Amino acid sequence: MKNYSAKEIKNIVLIGAPGSGKTTLAEAMAYEGKVIDRRGSIENNNTLSDNTDIEHEYKRSIYATTLFTEFMGRKLNIIDCPGSDDFCGNLFSAFKVGDVGIMVLNAQNGWEVGAEIQSRYARILNKPLIGVINQLDGDKANFEATVEGIRAASSVKPVIVQYPVEQGAGFTSFIDVLMMKLYRFTDENGTREELEIPEDQLEYAQELNQELSEAAAVYDDALMELYFEKGALTQDDIRSGLKLGVANREIMPIFCASGKRDIGTKRLMEFIINVAPGPTTPTTAPKFTTIEGEDLAADETKPAVAFIFKSQIEQHIGEITYFRVVRGKITEGMELINSRTGNKEKLSQLFAVAGKNRIKVTELSAGDIGCTVKLKGTRTNDTLAAGEHVRVAPIVFPEPRYRAAVKAKEQGDEEKLGKLLNDIKYEDPTILVEYSKELKQTIIQGQGEHHLNIVKSRLANDNKLEIEYFAPKIPYRETITKVAQADYRHKKQSGGAGQFGEVHMVVEPYYEGMPEPTKYKANGKDITVNIKGKEEYDLDWGGKLQFYNSIVGGAIDARFMPAILKGIMEKMDEGPLTGSYARDIRVVIYDGKMHPVDSNEISFKLAARNAFKEAFRNAGPKIMEPIYNVEVLTPSEYMGAVMSDLQNRRAMIMGMESDKGFDRLNARVPLAELYRYSTSLSSLTSGAATYTMQFASYEQVPSDVQDKLLKAYTDTDED
């Protein structure tokens, strides 16, 4: 294949709700560009996009697939994204390197919540959209209702470029009001006739052409003057205005299609080539900035820079690295520097990508997308650069929304599980895996239950490794609410040298800006504090420990103070109530005793540990739980059920707002109540709602919940 320059390339991202027909449309595009000579189908498991065993099993896209087509002397790089929000990480990667989103809508379902969610992501990432109303040959297709749904719900104004003459099984033609032609399709391979618009449609077509001209003129003063002067615009004038409107995310041109029957594919591709933003579009380029904020234009004459947006491991090949050339040209055999590691990487082979098919090329220019194999240590979000240190700002992936504890069914497979989960993290950065020392569990996090179930299926099918998920423990915290005093003597005599250490301490709750201690009244005692030393620690698990040495008269030698501190820290590491981390505590050591022979560090460590445990339990101890800010986006008709369910989860509703047929609900919800929430929400709303969650703070649990937790820990401790 030929080498394309930046001005000959367009990078598009196919988005839309599950079942909207993105993969079938991508197949038709590849067919029209002669990349394939026969179109595959989802039913026959032979499409370019959904090419993995697990996608064949589920009959839907699970991974974003990169492919390309060649048309009108141009190259269209296409990234076909999954529709399910559980796999939204793919969309964030794709939009990093794609210049425009093609929003595919099922004419039978209209503007679905999946379209709303992905439209929101496009808005967040500032990516323009072109709308394709697909499956107009479906029995319940309704073009007009779909357009009205876009108008009512989308933040981008729909502008009709095409409308169908008939819908349903009889859909074979549409009228293009930009070209002012009727296109009739005579077979299911894209063969079309270009005809004059029939008399009975001409008035409506002219009306829509006028609307299209007006929409185009709004974004260019010169075009607006021309429009007022002549009352109409030429096709080229309209395209010029639409370029600006699309690039500025003001309008969404609307097209007709049946991807399955290859109706409308060519006209859509023509429009993308002529109008859609590309790597060199002045209004939207550059798309890439460095972490220092410097713009990187798609200049083929400058030193090469490539950004890695996807990493994949394929059996028999190993690591495959997908990249967009941000600047310059990349040639076969070129050596580049990984800006993160500082290591050299040799790109021994370059490929243009068409799903699983990889076509060898000798060079790729700025704006193009391709892949290479067998790099040593390069992964998603890395930058490869020639001659200078350049690091492109990384993809910011969404926070995980679902967590579970995971273990191998066979104990001997734990090491194998760890390696395979690392491989999955390498391919999918929205999967997070860590072993929690605190919870003594391996915790896996993702975007939803389906997301994690795909991981489970993949491990079973590809690696013959059976795993199980179960509810993760909650990382509670323990703290105190009042002053308490305790002392403890550790004494042990069993022949030879003995052990002796006695520690007297006061504990109280710590808060920012509290005054230095001077005196306490505890257990009927008046305790005066003379500060000899102070240490303050920011704890790894959050909160603080303040440790005061207030020993007078040499009651405890200063050399034993580190051991006393260590004993306290050990007990804070495994709190006295439930074994959870303790936090936000001030400890004052004000007295004690030692023995000239038997006192040693272990004695004072044990004495301090036990004194702290007793003081803690007498200081109004409280268990604190993690609270998350949760935002739910749901169609309005489900709002009552969603709110009721959240209230049953001990949520505090913080606010609600309506937005074009959808409601947003903000709440603060305990993490303990969010296990499998994605599944419950999907069930409540028939899959129409989504949510995000982010850690907010630690807050005290209600007394009834604390009683249950204490009893559960006591029972476990006894066991």
Side-chain angles (χ1 to χ4, degrees), residues 10-17 20 22 25 79 81 83 85 88 91-92 94-96 98-107 109-134 142-163 177-178 208 211-220 223-224 238-257 264 268 271-272 274-278 281-285 287 633 635 657-664 690:
K10 293 291 170 79
N11 299 307
I12 66 172
V13 181
L14 297 182
I15 63 174
S20 56
K22 301 179 294 295
L25 181 61
I79 304 180
C81 289
D85 198 34
C88 63
L91 184 144
F92 278 72
F95 265 148
K96 180 71 177 181
D99 300 310
V100 61
I102 307 300
M103 173 64 78
V104 184
L105 299 158
N106 185 336
N109 301 333
W111 184 264
E112 302 173 76
V113 76
E116 170 65 19
I117 292 164
Q118 298 201 342
S119 175
R120 286 179 80 202
Y121 292 147
R123 187 162 66 247
I124 290 166
L125 300 169
N126 200 32
K127 295 293 181 177
L129 296 176
I130 293 170
V132 178
I133 300 180
N134 193 27
N142 192 328
F143 178 85
E144 294 77 15
T146 303
V147 172
E148 285 312 304
I150 300 169
R151 203 182 310 279
S154 173
S155 63
V156 185
K157 178 186 174 184
V159 178
I160 294 172
V161 178
Q162 298 169 349
Y163 70 92
V177 299
L178 171 58
L208 290 177
E211 289 181 12
L212 195 62
S213 297
E214 289 174 10
V218 165
Y219 307 103
D220 187 309
L223 287 178
M224 182 64 81
I238 293 172
R239 288 192 189 98
S240 176
L242 292 178
K243 275 184 183 180
L244 292 170
V246 171
N248 293 333
R249 279 192 46 81
E250 298 286 347
I251 57 173
M252 183 195 303
I254 302 297
F255 289 80
C256 297
L268 173 63
F271 186 84
I272 290 168
N274 289 326
V275 175
T281 303
T283 51
T284 55
K287 311 290 186 314
L633 179 73
E657 60 179 347
S658 294
D659 184 5
K660 296 184 175 180
F662 291 87
D663 284 345
R664 281 193 189 82
T690 186

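Since this is a predicted model, take the numbers as computed values, not measurements.
Glu211 meets the side chain to side chain donor-acceptor pair (under 3.5 Å) test with no other residue; sequence neighbours excluded. Take Phe95 and apply the ring pair (Phe, Tyr, Trp, His ring centres under 6.0 Å) test, not counting sequence neighbours, and it matches no residue. Annotation: side chain to side chain donor-acceptor pair (under 3.5 Å) contacts of Glu112 (sequence neighbours excluded): none. Residues forming a salt bridge (Lys or Arg N to Asp or Glu O under 4.0 Å) with Glu148 (at least two apart in sequence, or on another chain): Arg151. Residues passing the ring pair (Phe, Tyr, Trp, His ring centres under 6.0 Å) test with Tyr163 are Tyr204, sequence neighbours excluded. With sequence neighbours excluded, the residues forming a salt bridge (Lys or Arg N to Asp or Glu O under 4.0 Å) with Arg120 are Glu631, listed by chain and number. Under the side chain to side chain donor-acceptor pair (under 3.5 Å) criterion, Tyr121 pairs with Asp85, not counting sequence neighbours.
Under the 4.5 Å side-chain criterion, counting only non-hydrogen atoms from C-beta, Leu178 is in contact with Leu212. Here the side chains of Ile133 and Thr146 are in contact, with some heavy-atom distance below 4.5 Å. Within the 4.5 Å cutoff, side-chain heavy atoms of Ile15 are placed close to those of Leu91.
Taken to the nearest 0.5 Å, the CD1 atom of Ile102 stands 11.5 Å off from the SG atom of Cys81. Summarising the geometry, atom CG belonging to Asn134 is positioned 10.0 Å from atom CG belonging to Leu268; distances are rounded to the nearest 0.5 Å. Between the CE atom of Met103 and the CH2 atom of Trp111 there is a distance of 4.5 Å, given to the nearest 0.5 Å. Considering CD1 of Ile160 and CD of Glu144, their distance stands at 8.0 Å, rounded to 0.5 Å. Taking CD of Glu116 as the reference point, atom CG of Leu633 lies at 5.5 Å (rounded to 0.5 Å).
Across every non-hydrogen atom of Leu105 and Gly110, the tightest pair is CD2-O, 4.0 Å. Residues Ser119 and Leu129 come closest through the heavy atom pair OG-CD1, 4.1 Å. Counting all heavy atoms, side chain and backbone alike, Leu223 lies closest to Ala216 at CD1-O, 4.0 Å. Gly241 approaches Tyr219 most closely through the heavy-atom pair O-CD1, 4.0 Å. The shortest non-hydrogen separation linking Ser155 to Arg123 is OG-NH1, 3.2 Å.
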Asp663 vs Ser658, side-chain hydrogen bond (donor to acceptor under 3.5 Å, both in side chains): CA-CA, chis, key distance, verdict | CA-CA 4 Å; Asp663 284 345; Ser658 294; 2.8 Å; yes
List the atom pairs, donor and acceptor, that lie under 3.5 Å between side-chain atoms in residues 244-253 and the rest of the protein, sequence neighbours left out.
residue	atom	partner	partner atom	Å
Asn248	ND2	Leu244	O	3.1
Arg249	NH1	Lys127	O	2.6

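Using a distance-only test at 3.5 Å, with no hydrogens or angles considered, no donor-acceptor pair links the side chain of Lys22 to the main chain of Val104. Distance alone, capped at 3.5 Å, is enough to place a donor-acceptor pair between the Lys10 side chain and the Ile272 backbone.
Checked options Ile130, Val100, Ile79; the residue passing with Ile12 is Val100 (criterion: side-chain contact (heavy atoms from CB on, under 4.5 Å)).
Under a 4.0 Å N-O distance rule, the pair Lys287/Asp99 qualifies as a salt bridge.
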